[in-house]
Amino acid sequence: RLVLLAAKSKAVRSTAAASELFSQAAGALGSLMRGTSAQVVLEAARVLMPLPKGEALAQAAVRDLAGRLSEVEHASLLPLTELVLPLGAESAELRSVLSRWVEVLGS
């Protein structure tokens, strides 16, 4: 939540300290996200992606979400898809999200 707060703060997010925080958090984020709701993780990824040094954190969040797609609300699939696209067509995460789209649209 500290990372999300720093990312949302215009005064903090462009500082060197924020960049360092994002870099360090990327390494530890995987285990921390497990106890966080999918919506909060998605929101964090959306805020972090455009920030300097935030891309690694956002990608870690996207990878986490791709592993628990059943928790992602249908309305959140489009923003998640937009975040997964930079990982490339060969990424397992993109294939997982596209498969989820097929499931949702087919039901």
Quick check for you: to the nearest 0.5 Å, what is the distance between Leu85 atom CG and Ser91 atom OG? 8.5 Å

Heavy-atom pair with the smallest gap, counting every atom of Ala58 and Ala45: CB-O, 3.6 Å

Is any side-chain heavy atom of Leu69 closer than 4.5 Å to one of Leu80? yes

List the residues meeting side chain to side chain donor-acceptor pair (under 3.5 Å) with Thr81, not counting sequence neighbours, and say none if there are none. Trp101

Across all chains, not counting sequence neighbours, the salt bridge (charged side-chain N to carboxylate O under 4.0 Å, His left out) partners of Glu71 are Arg68

Return each pair, listed once, that meets salt bridge (Lys or Arg N to Asp or Glu O under 4.0 Å) where at least one residue sits in residues 73-86; pairs must be two or more places apart or across chains. none

Sequence neighbours excluded, the answer for side chain to side chain donor-acceptor pair (under 3.5 Å) partners of Ser76 is Gln39

Please examine the side chains of Val62 and Leu83, heavy atoms only from C-beta on, and report whether any two atoms are closer than 4.5 Å. yes

Pairs touching residues 90-107 that satisfy salt bridge (Lys or Arg N to Asp or Glu O under 4.0 Å), sequence neighbours left out: Arg63-Glu93, Arg100-Glu103

Determine the minimum heavy-atom distance between Ser96 and Ala66, stating which atoms define it. CB-O, 4.1 Å

Tell me the closest heavy-atom pair linking Gly88 and Leu94, and the distance in Å. O-CD2, 3.5 Å

Treat each ILVMFWY residue as a node, draw an edge where side-chain heavy atoms are under 4.5 Å apart, and state whether Val102 and Val72 are in one component. no

